[in-house]
Amino acid sequence: MGRAFVYVIIGGGVAAGYAAHEFFKRGVTHGELCIISEEPVAPYERPALSKGYLLPEAPARLPSFHCCVGTNEEKLTPKWYKENGIELILGTRVKSADVRRKTLLTATGETISYKYLIVATGARALKLEEFGVNGLDATNVCYLRDLADADRLANVMQSCGGGNAVVIGGGYIGMECAASLVINKFNVTLVFPEAQCMPRLFTSKIASYYEDFYQSKGVKFIKGTVLTSFDFNSDGQVTAVNLRDGSKLPADMVVIGIGIRPNTSLFEGQLTMEKGGIKVNGQMQSSNASVYAIGDVAAFPVKIVGETRRLEHVDSARKAARHAVAAITEPEKTSDFDYLPFFYSRVFTLSWQFYGDNAGEVVHFGDFAGPTFGAYWVNKGYLVGSFLEGGTKEQYDAIACTTRLKPKIDDVAELERQGLGFALSV
Ligand code: FAD
Ligand code: NDP
């Protein structure tokens, strides 16, 4: 048994939603496009799961955050897909792929063939077991990658009704979940192995600002150590977290955010891989000409930094999705993807944006005791990256445009003196 489509997207996350919208805008014919997703719901804006979804009052729930509300465009509800003749095969995992035959086999036993395949399988959360710690079965240990995880997390938060929450990992999930837990009146301890939070992006000065802010909200930080084991009660629930430094933290619930691994396994040995993802060219096309990859799973040439990178952020997933569809439907009119990396986060009343590359010498600016401050990165004489906390739309646009222009910086001290004014004057 099988069906054939011109275009098939594997994965029903952010990249799939934006790709579907782009196909629609370009006039895809009814019955040509199919999305196969392991998740039981139509593509949605995943960033909502660690923010609006966890609010104590009026939390965000579907259908309010289906794609493409994140860019203020139309909301693609299941009805939208139906009306536009786009087949949504939900709650269905693709079990295997044969890129030579151009076929996919689903867990329900259906064979689906394609002319063009877009791989948008995203990533999975790394599990503690992979670091030799048991606890996966405990009902009060939570991860956060998809809607089912978010429901579980929200339920555990509700059943604990405050109490002690231990958050493991000082990256994006750790920082955003710690903030959400505090807003829900939990007593939060954040544990991570490094000397500061967000070590891959923040300078120690920037990290200190956020750590102080979190501490002012009651979050405790335990740095430079890792979790080694849990204590359990007779119901199999975690009651305490044991750390390598010998300390024991009582815990009513635990949230783990220790990174991800891209879902590439369907294509290992069939497509060229790089940086842990599927290597694509500037058209988002893989080593097989009929297969494209987008979102967290794709390693693509980031022209502005002159390197192939895999980015794990929503703006990149959205734009790469649109680009891949343009490249598939109008290859002769589509030049190579020229993407300016953009990362952001919003927690409490704080909000930051980062553009470009955090390489080279750092120039901090602004008032680190006040609401607005930032940093530039200057590499080999050029401004390559910009960070801003507490900016206005105009100021964020200015740092984005300036970073895109990669201006030559002859005098770093002068850049520091001008601070945000430099970006506003470029
Ligand atoms: P995903 O959105 O993860 O979608 C992948 C889809 O593929 C899923 O539906 C999955 O079930 C499906 N799938 C996988 N394998 C198969 C298979 N074999 N068969 C069928 N289906 C399959 N980024 C930001 O820039 N800002 C933020 O504020 C932000 N917040 C985030 C908050 C959370 C809680 C998380 C988890 C991520 C956040 N991100 C954020 C990152 C951002 O959401 C991702 O970069 C983005 O979702 C990547 O899109 P994607 O389509 O590649 O993958
Ligand atoms: P991150 O990679 O951001 O952070 C994981 C952190 O956990 C790192 O600091 C890592 O340290 C640390 N770590 C690794 N192993 C351990 C361990 N055994 N014990 C304790 N800490 C450990 O991943 P997250 O899980 O926070 O986020 C998952 C994905 O979701 C990412 O792709 C992220 O981009 C995305 N996301 C993005 C958001 C945003 O852009 N605003 C918001 C929420 C999620 P080390 O660096 O040393 O490996």
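Atoms within each ligand, like the ligands themselves, are counted from 1 in listed order.
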Tell me the contacting part of I173 for ligand 1: side chain, backbone, both, or neither, using a 4.0 Å heavy-atom threshold, strictly below. side chain
Are any of the N/O atoms on E39, whether in the backbone or the side chain, positioned under 3.5 angstrom from an N/O atom of ligand 1? yes
Answer yes or no for L227: is there a heavy-atom contact with ligand 2 below 4.0 Å? no
For residues 54-112, the ring pair (Phe, Tyr, Trp, His ring centres under 6.0 Å) pairs (sequence neighbours left out) are F24-W80, Y44-F65, Y53-F65
Return the CD1 to CZ distance between I294 and F337, rounded to the nearest 0.5 Å. 10.0 Å
Under 4.0 Å from a heavy atom of I168: which atoms of ligand 2 are those, numbered in the order shown and with their elements? 19 (N), 20 (C)
Got an N/O contact under 3.5 Å between H313 and ligand 2? yes
Given S265, P47, G295, G257, which one has a non-hydrogen atom that is nearest to atom 40 (C) of ligand 1? P47
Are any of the side-chain nitrogens in R46 or E39 under 4.0 Å away from the carboxylate oxygens of its partner? yes
Can you tell me if Y344 contacts ligand 1 (heavy atom of the residue under 4.0 Å from the ligand)? yes
How far does CD of E38 sit from CD1 of I89, to the nearest 0.5 angstrom? 13.5 Å
Find all atoms of ligand 1 within a distance of less than 4.0 Å from any non-hydrogen atom belonging to L144, and give their numbers and elements. 34 (C), 36 (C)
Please state whether T92 comes within less than 4.0 angstrom of ligand 1, counting heavy atoms only. yes
When rounded to the nearest 0.5 angstrom, what is the spacing between SG in C34 and CG in L117? 10.0 Å
Checking the N or O distance criterion of under 3.5 Å, is ligand 2 in contact with E312? yes
Measure F131 to ligand 2 on non-hydrogen atoms and call it side chain, backbone, both or neither using the 4.0 Å cut-off. side chain
Would you please say whether a donor-acceptor pair under 3.5 Å links the side chains of E268 and T264? yes
If you scan protein heavy atoms around atom 39 (C) of ligand 2, the nearest is Y172 CD2, 3.1 Å
Only heavy atoms of G257, strictly under 4.0 Å: list the atoms of ligand 2 that pass. 5 (C), 6 (C), 7 (O), 25 (O), 26 (O)
Q270 and N288: side chain donor to acceptor below 3.5 Å: no
Between E110 and T108, is there a side-chain donor-acceptor contact under 3.5 Å, judged purely by atom types and distance? no
Is there a polar contact, in the sense of an N or O pair closer than 3.5 Å, between Y344 and ligand 2? yes
Under 4.0 Å from any heavy atom of R93, which atoms of ligand 1 are there? 17 (C), 18 (N), 19 (N), 20 (C)
Please indicate whether any nitrogen or oxygen in V314 is less than 3.5 Å from any nitrogen or oxygen in ligand 1. yes
Residue pair Y114 / L33, side-chain heavy-atom distance below 4.5 Å: no
Give the contacting part of S37 toward ligand 1: side chain, backbone, both or neither, where contact means a heavy-atom distance below 4.0 Å. both
Tell me which protein heavy atom sits closest to atom 22 (C) of ligand 2, plus the residue, atom name and distance to 0.1 Å. I258 CG2, 3.4 Å
Look only at the side chain of K102 and the backbone of D98, and say whether a donor-acceptor pair between them is shorter than 3.5 Å. no
Rounded to the nearest 0.5 Å, how far does CZ of R318 lie from OH of Y18? 4.0 Å
Going by salt bridge (charged side-chain N to carboxylate O under 4.0 Å, His left out), name the residues that satisfy it together with E130, two or more places apart in sequence or in a different chain. R124
Give the single entry among R46, M175, R244, E194 that approaches atom 11 (O) of ligand 2 most closely by any heavy atom. E194
Keeping S386 on the side-chain end and G356 on the backbone end, is there a donor-acceptor pair under 3.5 Å? no
Show which atoms of ligand 1 fall inside a sub-4.0 Å distance from at least one heavy-atom site of I36. 20 (C), 21 (N)
Ligand 2 atoms nearer than 4.0 angstrom to some heavy atom of I260 are 28 (C), 29 (C), 32 (O)
Can you tell me the protein heavy atom closest to atom 1 (P) of ligand 1 and the distance? R46 NE, 3.3 Å
A120 heavy atoms within 4.0 Å reach ligand 1 at atoms 5 (C), 6 (C), 7 (O)
Can you find a heavy atom in the side chain of K217 that is under 4.5 Å from one in the side chain of F213? yes
Just to check, does F343 reach to within less than 4.0 Å of ligand 2 when the distance is taken from its heavy atoms? no
Taking only heavy atoms of E312 into account, list the atoms of ligand 1 that are under 4.0 Å away from them. 41 (C), 45 (O)
Near E176 (heavy-atom distance under 4.0 Å), the atoms of ligand 2 are 39 (C), 41 (N), 42 (C), 43 (C)
Under 4.0 Å, heavy atoms only, figure out whether ligand 1 is touched by the backbone of N263, its side chain, both or neither. side chain
Check whether any N or O atom of G259, backbone or side chain, sits under 3.5 Å from an N or O atom of ligand 2, and answer yes or no. yes
Looking at L266, which atoms of ligand 1 are within less than 4.0 Å of one of its heavy atoms? 18 (N)
Looking at E129 and K127, does any basic side-chain N land under 4.0 Å from a carboxylate oxygen? no
What do we get for V297 next to ligand 1 when only non-hydrogen atoms under 4.0 Å count, side chain, backbone, both or neither? neither
If I apply the N/O under 3.5 Å rule, does A15 come out as touching ligand 1? yes
Does any non-hydrogen side-chain atom of I258 lie less than 4.5 Å from one of L128? yes
Under 4.0 Å from a heavy atom of G169: give me the atoms of ligand 2 that qualify, with their elements. 7 (O), 21 (N)
Among all the protein's non-hydrogen atoms, which is closest to atom 52 (O) of ligand 1, and how far away is it? D296 N, 2.9 Å
Counting heavy atoms only, which part of I173 comes closer than 4.0 Å to ligand 2: side chain, backbone, both or neither? both
Compare G171, C197, S316, P193 and give the one whose heavy atom is closest to atom 20 (C) of ligand 2. P193
Is a donor on one side and an acceptor on the other found under 3.5 Å between the side chain of R145 and the backbone of A123? yes
salt_bridge(R346, E176) N-O dist < 4.0 Å: no
Nearest heavy atom to atom 19 (N) of ligand 1: which of T121, T106, V94 does it belong to? V94
Out of R145, E176, K51, E38, who is nearest to atom 27 (C) of ligand 1 when you count heavy atoms only? K51
